[in-house]
Structures are given as structure tokens and as C-alpha cells.
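Scroll down for the structure; my scribbles are underneath it.
For ligands, and for the atoms within them, numbers begin at 1 and follow the listed sequence.
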Amino acid sequence: MTAVPNYTNRKASVTQNLNIAVVGATGLVGEAMIEILQERNFPVGTLHPLASERSLGKSVRFRGQELPVAVLDEHDFSDTDMALFSAGASVSENHAPRATDAGCVVVDNTSRFRNEPDIPLVIPEVNPEALVRLRPRNIIANPNCSTIQMVVALKPIYDAAGIIRINVATYQAVSGAGRRQVEELARQSTELLSGRAKEADAGAKSIAFNAIPQIDSFEDNGYTREEMKMVWETRKILSDDQIMISATAVRIPVFFGHSEAISIETREKIAAAEVRDLLRAAPGVKVLDDGKTGGFPTARNEAAGGDDVFVGRIRDDLSHERGISMWVVSDNVRKGAALNSIQIAEILVRDYFGGM
Ligand code: NAP
Ligand code: 3JN
């Protein structure tokens, strides 16, 4: 991993614990963030779980205590050292600047700031050095889940052989769209299996037993925003405006774990066996590639609930002499969102707040 320089202007010293706000604490991502803060023994002083008025009366469990969820609109960030935002882009738009104005550092899991040139967009295994640009905004953006697992798997190949072109099809779990969509898949599946399904409205697509080639809204170029996020974000993270990327993002009836079929064209010829060796040594990556029945990773069996990006089915692309194809799966809520944000926070604690 690239060393990250120390920062000046530290707000707190890490002999003391940090006061952390989780914005969107009752959501799938916020809930995973709180679990991971506990799992990784993050130096939390006070945890502020924040959500909307809808969550008043709810609580979250942290280190054996029930903490009441408070309303974001009413939270004063002046005593909060770091805020992990995961409540949608418009919430970040309205409240992240309010948090940074109060002296808080924001790790933002939404798309709101990802494409702004003075905001670092960080995957800790890939470009931790981008954190030197933390100032003056004090906001770090967490990439989209589909981008994160793809770039973690491709970075070692990019460094070794160069990558000119990426073609990717995603198979994305419903948890990527939030708690309500997880419940909707369960509801539709139960209705269909018990013969109680109603006809879908004209034009509406069911998620149970289906595959839907639209995630997020359509852009003018015929791609969806989810697909274009993969293009914009990969270029920014790799600092490479020339890399060509074409994505097809598909929602499938899986609860947790995104899968991706990726084909790349490298600058230099690299053999599948070499790629396997590179990826076996790569941070955050596990290779499971036995070339036989079941010798590959899947979302449900390997990825869900874990921290790694799994890679399998690594092979020479028969359609290009400098082509490699592979299958990549990871837990979209953990490495794709919550875990990546907390890994960023851990670097900030070590290099910005001065400890850990
Ligand atoms: P979710 O399960 O639907 O949860 C949404 C959370 O946001 C809830 O805690 C909700 O609280 C809170 N919230 C919504 N509106 C709010 C408001 N006006 N003020 C305060 N809190 C508000 O969704 P999720 O899966 O956790 O995802 C949340 C966000 O994370 C997404 O919108 C997206 O921006 C980001 N995300 C990023 C990735 C990624 O690829 N990096 C992946 C998934 C999600 P209430 O119930 O009280 O409204
Ligand atoms: O659909 C998925 O699998 C990933 C979704 C991510 C997402 C969902 C709602 C809003 C995002 C994101 O992180 O790009 C956003 C958003 O912040 O725009």
C-alpha cells in the first residue's frame, strides 16, 4: 500500500477516542458501518447514530449498549470529529458542508461529491495517496460499490501490464438499492412461490425470478447512471482519463453480494496464470480459481458477509490477443460501502488524527 503523508491541523489527538456520527444509521449501510466500527475496534468515543424523524424512537446496538437514534437536522456537529454519511446524495448535499463547517471530517458514501476535482475518491487498497487532497474541503468520497470491487481486482493488472479497455457486466444484489428493495424481493418471491402474485403494472418490472438491465436513471448516451458511475469513478481513481470502459449494470434477485463479468484489454500481453499470481498477492483480494465444477466464488457462498473481493474464472480472452476475462464478487454493503468508508476512516485516524 502506498504510504500516506502526515497531515497538519489535526483536530484531535488519537490518544483520545473520536466522536463519530453515522448518518443513515438505520439503513443497510449505516447498520453495517456500526457493526464494522465495533468489529474492527475503531477508536470511538461517543457514537452518534443519526437518521430522519422517521427513525425517532429507534435505537442501535453498539458495544453492548442501546443508543437512541437522533434526528440529523437537529445534530450539532461541533463536538463530532468524523461523520460517515450514508443517507443519499441530497442528504449529503444539505448536511455534509454543515458538518465540515463545524470542524468535522466527512467520509461520504453517496455520489454527491465523487466527481468534484478537489474531493478525493478513495479505495484504500488502490489510491490511499489521494487523501493528501483532504484539505480544504475535509470531505472524502467513497466510490460506488460496483466500481470498488472492479478496481480492487484490476489495479494489480493495471500496474503490471496497463489496461486500455474494460468491458463489464454487473449482476447486482437488491441490497444495493436499500432495505426496502431487500424486503420487496422477499415479498415478491413469497407471493410467486405461493401462487399469490398479482400481474405487474404495465411497464413495471418484477425483481423476483428476473434480471433487470437498469440501475439508476438513464443518461442521454443510452447508458444508465450506475454504468456511467463506473466509467467516471474508475478514471478518477486510476488518474487515467484515457482508459475506455463500457458497462452494463443489471439487477438480479440476489440479496447480498454483487458479481461482475469483466473483460479487459491490456497494454502489454499478460498470461492468465500471471494474473492469477498477481491477484493472489493483492491486498483485499482472494483468488478462487480451480478450473473445475464449483471452483469459483459466488455472491452468496463466498462474498456475502465478508470483507474480500473474490476473483475466479481468470482466463485468456479468446477474442483478443491481449485480453483477459474474469469473474469478481464481493459484499456490496460491506466492501462496496461500509467497510471501504471505515478503511478510509482508519487511514485518517492514523495519518490525520495522528494515531491508531
Ligand atoms: P436504506 O437502507 O434505504 O437506508 C437509508 C438511510 O438513510 C436510513 O437510515 C434513513 O433513515 C436515512 N435517511 C433517509 N433520508 C434521510 C434524511 N432526510 N435525513 C436523515 N436520514 C435520512 O439505504 P442504504 O442501503 O443504507 O443506502 C443509503 C445511501 O448510501 C444510498 O442512498 C447511497 O447514497 C449510499 N450507498 C452507497 C453505496 C455505494 O455504492 N458506495 C451503496 C449503497 C448505498 P430513515 O429511515 O429515518 O429515513
Ligand atoms: O444499486 C446498487 O447496487 C448500488 C447503489 C448505490 C446508490 C444507491 C442510491 C443512491 C448510490 C451510489 O452510491 O451511487 C446512490 C447515490 O448516492 O447516488
Side-chain angles (χ1 to χ4, degrees), residues 21-35 48-60 68-75 83-96 98-99 107-115 121-123 140-152 170-185 207 212-217 224-233 237 247 249-260 299 330-344:
V22 173
V23 178
T26 55
L28 285 182
V29 175
E31 193 176 70
M33 283 173 163
I34 292 169
E35 261 174 45
H48 298 285
L50 304 175
S52 77
E53 281 188 350
R54 289 180 288 272
S55 292
L56 266 182
K58 290 187 184 167
S59 62
V60 301
V69 175
V71 177
L72 168 65
D73 295 353
E74 292 161 13
H75 184 72
L84 309 176
F85 272 73
S86 196
S90 60
V91 172
S92 292
E93 158 117 17
N94 293 332
H95 294 277
R98 185 166 76 75
V107 181
D108 184 38
N109 215 328
T110 82
S111 59
R112 173 58 190 87
F113 301 103
R114 288 179 194 150
N115 302 326
L121 180 64
V122 175
I123 306 173
I140 301 101
N142 189 92
N144 178 272
C145 43
S146 301
T147 309
I148 291 176
Q149 68 181 67
M150 178 174 82
V151 178
V152 166
T170 71
Y171 305 76
Q172 297 184 216
V174 290
S175 51
R179 194 183 294 287
R180 217 175 303 144
Q181 294 311 310
V182 170
E183 290 163 0
E184 179 62 12
L185 172 59
I207 182 59
I212 302 174
Q214 178 185 353
I215 299 179
D216 212 329
S217 53
T224 64
R225 214 168 160 73
E226 181 79 356
E227 291 159 353
M228 292 312 296
K229 282 173 184 173
M230 294 182 79
V231 176
W232 299 325
E233 295 174 15
I237 293 161
V250 182
R251 185 78 69 203
I252 59 163
V254 159
F255 286 108
F256 292 94
H258 286 0
S259 307
E260 298 181 344
S330 192
D331 186 313
N332 53 298
V333 175
R334 287 181 67 96
K335 182 56 192 164
L339 173 64
N340 196 75
S341 287
I342 287 163
Q343 289 174 304
I344 292 170

Identify the closest protein heavy atom to atom 42 (C) of ligand 1: which residue and atom is it, and at what distance?
A337 CB, 4.1 Å
Residues in side-chain contact (heavy atoms from CB on, under 4.5 Å) contact with V254, at least two apart in sequence or another chain:
A173, I252, A299
Just to confirm my output: which protein heavy-atom neighbour is closest to atom 22 (C) of ligand 1, and how far is it?
A87 CB, 3.8 Å
Can you find an N/O atom of V29 closer than 3.5 Å to an N/O atom of ligand 1?
yes
Set of residues satisfying side-chain contact (heavy atoms from CB on, under 4.5 Å) with respect to S111, sequence neighbours excluded:
A89, R114, K229
Could you measure the distance from the CD atom of Q214 to the CD atom of E226? Nearest 0.5 Å is fine.
11.0 Å
N/O of G336 under 3.5 Å from N/O of ligand 1, yes or no?
yes
Before signing off on this row, confirm whether G176 and ligand 1 have an N or O atom pair separated by under 3.5 Å.
no
Quick one: do the T26 and S55 side chains pair a donor with an acceptor below 3.5 Å?
yes
Of the listed options (S86, G27, G24), which comes nearest to atom 28 (C) of ligand 1 when hydrogens are ignored and any heavy atom counts?
S86
Ignoring hydrogens, what is the shortest heavy-atom contact between L72 and V91? Give both atom names and the distance.
CD2-CG1, 3.4 Å
How many angstroms lie between CD1 in I237 and CG in L121, if you round to the nearest 0.5 Å?
4.0 Å
Which bit of K58 gets closer than 4.0 Å to ligand 1, counting heavy atoms only: side chain, backbone, both or neither?
neither
Between N332 and C145 (side chain of the first, backbone of the second, donor and acceptor by atom type, cut-off under 3.5 Å), is there such a pair?
no
Among C145, S111, P143, S341, the residue with a heavy atom nearest to atom 40 (O) of ligand 1 is C145
Residue, atom name and distance, where the atom is the protein heavy atom closest to atom 9 (O) of ligand 1:
T26 OG1, 2.6 Å
Restricting to salt bridge (Lys or Arg N to Asp or Glu O under 4.0 Å), what partner residues turn up for R179, sequence neighbours left out?
E31
Applying a heavy-atom cut-off of 4.0 Å, say which part of V91 lies close to ligand 1: side chain, backbone, both or neither.
side chain
One residue to check: S146. Relative to ligand 1, which of side chain, backbone, both or neither has a non-hydrogen atom less than 4.0 Å away?
neither
Which part of L50 is near ligand 1, with near meaning a heavy atom under 4.0 Å away: side chain, backbone, both or neither?
neither
Does any non-hydrogen side-chain atom of V152 lie less than 4.5 Å from one of K335?
yes
Nearest-option assignment for atom 31 (C) of ligand 1, heavy atoms, candidates S90, G88, A32, P49
G88
Applying a strict 4.0 Å limit to heavy atoms, is E233 in contact with ligand 1?
no
Kindly tell me which protein residues have any non-hydrogen atom under 4.0 angstrom away from an atom of ligand 2, grouped by chain and ordered by number?
N109, T110, S111, R114, N144, C145, Q172, G176, I215, E226, K229, R251, H258
State whether the shortest distance between N or O atoms of E53 and N or O atoms of ligand 1 falls below 3.5 angstrom.
no
